[in-house]
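Presented below is the structure to which this report refers.
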Amino acid sequence: MDRSVISASVSPTWPPITKWREKRHEEYGSNQRVHFDRRGSMTDVRVRFAPSPTGFLHVGGLRTALFNWLFARREGGTFILRIEDTDRDRSTDDAIEAIVNGLHWTGLDWDEGPYRQTDRLALYRQKAMELRERGKAYWCVCTPQELEARRKEAQAKGEPIKYDGRCRERGLTAPAEPAALRFRSPQEGQTVVDDLIKGTIAFDHAVLDDLIILRANGYATYNFSVVIDDALMGITHVIRGDDHVNNTPRQVALFKALEYRVPHFAHLPMILGADKSRLSKRHGATSVLAYQDMGYLPEALVNYLVRLGWSHGDQEMFSIQDMVEKFSFDHVQASAAACDPEKLQWLNAEYIKRGEPRRLADVLRPFLEKRGYDPRGPVQPQGGLEAVVPHLRERAKTLVEMAEWTMPYVTEPVAMDEAAAVKFLTTAAAPSLTKFAERLKTVNPFSKETIEPLVQAVLNDEHLKMGAFAQPLRVALTGKTFSPGIYEVMAILGKERTLDRITQALQRIPSS
RNA sequence: GGUCCCAUCGUCUAGCUUGGUCCAGGACGGCACCCUCUCAAGGUGCAGACACGGGUUCAAAUCCCGUUGGGACCA
């Protein structure tokens, strides 16, 4: 393996890996981090996640990254991030950042990289020329027009559409005209791939093209650069989407021609939209960071994704540690899976329910600030956000919901739901609210134990049922028809704000 | 068009390697009831699938063949 070539070609402009690591802990210091002791368990397993930076990181890509990461951690191996940015027209630095941010958010850390293929172009050329010198590749001067014409001809005759090998035996050494370098593919026998997920797959060499490895413009093609990188980076297991299955025999042939060890392959089934069609913008959120914005916890997304195509008996919830311990290709499904937003949401709710108040308050804060909450302002709930969170975490399915429901306790005046006011803040409700406020003024201490008897007394005096009293009170206190229990709400607001809000609500009611 | 992959409740899946314990288990979602100061949560229960057709076998969701359907890649 030629490691020196790798390190020499790493971009000097890209921030060093350690910097990203530090940043991650500052920004996302969550309680889900697991630190793996790599001493003594290092194996030579090396895997990579190799996205093209042509857009945001989508959930399919994240799952591929996740399975690579899990396998690496499980085996005590090395996880490498490689950016396949050779498509210069479509690749952007923004996209690279989006990928990096997405991986950070979910906690998938890499041990090497990010490498960038654009830093390695010379290397691909060099390797391609070596192949030519050894007679494994040849110059081809067929023009795209000629190729297209012959392809059509073949199609018309019902023959297989592949390069007809015109330049194969020409033995061109230094063509004057623009020339591409073609790989001399084996034409007989077959390649058998022992896929870790799909099992044995056989490909007849007869259908293999003499594929171009170096274009006339001097750029290496996808299949070639991937093989060079995987070989030189010492990748032992290629774990990727099964849209690459058909590339595998070509790549295996290249590995062999280059006399590199052929890695193991594991082809993950695709992720589909809820309607079973290919995942696209149509399906709403496909970007990983969009899930962050929608108030999902990273561990919920990761848990959802790991169960999409992998299982461990009937278990639904897995901590990161758990997944690492239990992950195995034996239980990876061979068929594609559809995304189910409902189940993701359920998992998110489960993780929110179990979340530490302190951490929930931390991740909730940005959502509140977006809605105008000032963490240093005068309007604060009793006990801080941490005290509010426990009452909302068992109801909220996302942090967005949680933030919305938290707003009544962190803003002043309360935002009143007019429909709710019309329905509940009526002249019929006024006497009980007035009486309750009167009695509340003298209560001390202000706690559920002391307030509850007052409520009972009001109920008795007014001949009301709890529901008839609690709803108007709830609307008065929160501006909404739903909230945590009213005693909890009062505790969060404190005595003063509770009284204020009841007074304000009473003022809305026309006295009659 | 060629090659390759896939196929269990609406969805994610267990079971398939080593056929019987499966008139197919769990989860999400749905429905009903219970709990209840609202909304949730929670509890209990119900409905819901082995794509189809052959074959092998005493016995097939499980093995073999075919069909159909879906998908990927090449161009």
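Here is the naming used below: chain letters follow the sequence lines, and residue numbers restart at 1 for every chain.
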Does the side chain of Glu350(A) come under 3.5 Å of the side chain of Asn303(A) through a donor N or O and an acceptor N or O?
-> no
Contact class for Gly309(A) (heavy atom, under 4.0 Å): base, sugar-phosphate, or nothing?
-> sugar-phosphate
For U56(B), the nucleotide meeting Watson-Crick or G-U wobble distances (both under 3.5 Å) is none
Across all strands, who's sitting opposite U38(B) as a Watson-Crick or G-U wobble pair, both distances under 3.5 Å?
-> none
Is it possible for you to check whether Arg307(A) lies under 6.0 Å from the centre of the six-membered ring of Tyr304(A), through NZ or CZ, and within 45° of that ring's axis?
-> no
Verify the distance criterion only: is there a donor paired with an acceptor across the side chains of Asp229(A) and Tyr124(A) at less than 3.5 Å?
-> yes
Provide the Watson-Crick or G-U wobble partner of G1(B), both distances under 3.5 Å; none if there is no partner.
-> C74(B)
Who pairs with A7(B) - Watson-Crick or G-U, where each distance is under 3.5 Å | U68(B)
Excluding sequence neighbours, so at least two apart, what forms side chain to side chain donor-acceptor pair (under 3.5 Å) with Gln456(A)?
-> none
Would you check if Ser432(A) and Leu464(A) make a side-chain contact, meaning some heavy-atom pair closer than 4.5 Å?
-> yes
For the residue pair Gln382(A) and Leu493(A), establish whether any side-chain heavy-atom pair is separated by less than 4.5 Å.
-> no
Any side-chain donor paired with an acceptor under 3.5 Å for Tyr260(A) and Asp230(A)?
-> no
Distance under 6.0 Å and angle within 45° of ring axis: Arg365(A) vs Tyr373(A) = no
Span that lies between the P atom of C31(B) and that of A75(B), in whole angstrom | 49 Å
Electrostatic pair Asp209(A)-Arg250(A), nearest N-O below 4.0 angstrom | no
Which parts of nucleotides 36-44 of chain B does protein reach within less than 4.0 Å, heavy atoms only, written one letter per nucleotide 5' to 3' as B for base, S for sugar-phosphate only and - for none?
-> -BBBSSS--
Could you list all N or O pairs between the protein and nucleotides 47-52 of chain B that sit under 3.5 Å apart?
none

State which residues pass side chain to side chain donor-acceptor pair (under 3.5 Å) with Asp85(A); sequence neighbours excluded, sorted by chain then number.
-> Arg116(A), Thr118(A)
To the nearest angstrom, how far is Ile271(A) atom CD1 from C5(B) atom P?
-> 22 Å
Indicate, yes or no, whether a donor-acceptor pair under 3.5 Å links the base of G26(B) to the side chain of Glu316(A).
-> yes
C6(B) C1' sits how many Å from Leu268(A) CG, rounded?
-> 14 Å
Would a line drawn from the ring center of Trp69(A) to the ring center of Phe327(A) be shorter than 6.0 Å?
-> no
For nucleotides 69-73 of chain B, print each protein N/O atom paired with a nucleotide N/O atom at under 3.5 Å, atom names and distance only.
| residue | atom | partner | partner atom | Å |
| --- | --- | --- | --- | --- |
| A72(B) | O2' | Asp243(A) | O | 3.4 |
| A72(B) | N3 | Asn246(A) | ND2 | 3.3 |

With rounding to whole Å, what would you report as the distance between A7(B) and C64(B) at their P atoms?
-> 12 Å
Enumerate all atom pairs, one protein N or O and one N or O from nucleotides 14-24 of chain B, separated by less than 3.5 Å.
| residue | atom | partner | partner atom | Å |
| --- | --- | --- | --- | --- |
| A14(B) | OP1 | Ser311(A) | OG | 2.7 |
| A14(B) | OP2 | Gln333(A) | OE1 | 2.9 |

When you compare G15(B) with U62(B), how far apart are their P atoms, in angstrom units rounded to a whole number?
-> 15 Å
Student check: side-chain heavy atoms of Thr450(A) and Pro445(A) closer than 4.5 Å | yes
Report the residues that fulfil side chain to side chain donor-acceptor pair (under 3.5 Å) with Arg508(A), sequence neighbours left out, ordered by chain and then residue number.
-> Glu418(A)
Could you identify which residues of residues 203-230 of chain A place a heavy atom less than 4.0 Å from some atom of RNA chain B, listed by residue number, or say none?
-> Phe203(A)
Using both distances under 3.5 Å as the test, list the Watson-Crick or G-U wobble partner of C50(B), or none.
-> none
Distance only, no hydrogens: is a donor on one side chain within 3.5 Å (strictly under) of an acceptor on the other, for Gln471(A) and Arg474(A)?
-> yes
With a 4.5 Å heavy-atom cut-off, do Ser287(A) and His58(A) have their side chains touching?
-> no
Report the C-alpha distance between Thr248(A) and His267(A) in whole Å, list the side-chain angles of each, state the deciding distance to 0.1 Å, and finish with yes or no for side chain to side chain donor-acceptor pair (under 3.5 Å).
-> CA-CA 10 Å; Thr248(A) 308; His267(A) 285 100; 3.3 Å; yes
When the distance from NZ of Lys343(A) to P of G26(B) is rounded to whole Å, what number comes out?
-> 13 Å
Looking at side-chain heavy atoms only, is the closest gap between Ile239(A) and Phe71(A) below 4.5 Å?
-> yes
Rounded distance in Å between the P positions of C34(B) and G26(B) | 24 Å
Give a yes-or-no answer on whether the side chains of Ser483(A) and His391(A) include a donor-acceptor pair shorter than 3.5 Å.
-> no
If you count the non-hydrogen atoms of other residues, nucleotides and ligands that lie under 6.0 Å from NZ in Lys423(A), is the total more than 12?
-> no
Determine the interatomic distance between C1' on G19(B) and the same-named atom on C35(B); round to the nearest Å.
-> 47 Å
How would you label the contact of Ala202(A) with the nucleic acid (heavy atoms, under 4.0 Å): base, sugar-phosphate, or nothing?
-> sugar-phosphate
Mind listing the residues from residues 182-198 of chain A sitting with a heavy atom below 4.0 Å of RNA chain B? Number order is fine.
-> Lys198(A)
Whole-angstrom distance between U18(B) and U13(B), as gauged at atom P | 24 Å
Base-pairing mate for A14(B) - Watson-Crick or G-U, with both contacts under 3.5 Å = none
Separation of Arg307(A) atom CZ from G26(B) atom P, in whole Å?
-> 14 Å
Using the P atoms only, state how far C50(B) lies from C12(B), rounded to an integer number of Å.
-> 16 Å
In whole angstrom, give me the gap between the P atoms of A72(B) and C58(B).
-> 43 Å
Pairing residues for Arg215(A) by the side chain to side chain donor-acceptor pair (under 3.5 Å) criterion, not counting sequence neighbours | none
Across all strands shown, which nucleotide pairs with A24(B) by Watson-Crick or G-U wobble geometry, both distances under 3.5 Å?
-> none
In whole angstroms, how far is the C1' atom of C28(B) from the CG atom of Leu308(A)?
-> 12 Å
Whether each nucleotide of nucleotides 61-67 of chain B has a protein heavy atom under 4.0 Å at its base (B), only at its sugar-phosphate (S) or at neither (-) is summarised, 5' to 3', as -------
Going by atom types alone, do His205(A) and Thr191(A) pair a side-chain donor with an acceptor below 3.5 Å?
-> yes
Across all strands shown, which nucleotide pairs with G45(B) by Watson-Crick or G-U wobble geometry, both distances under 3.5 Å?
-> C31(B)
Centroid separation Tyr222(A) to His244(A) less than 6.0 Å = yes
Scan for ring pair (Phe, Tyr, Trp, His ring centres under 6.0 Å) pairs involving residues 399-439 of chain A, sequence neighbours excluded, and state none if there are none.
-> Trp405(A)-Phe482(A), Phe436(A)-Phe469(A)
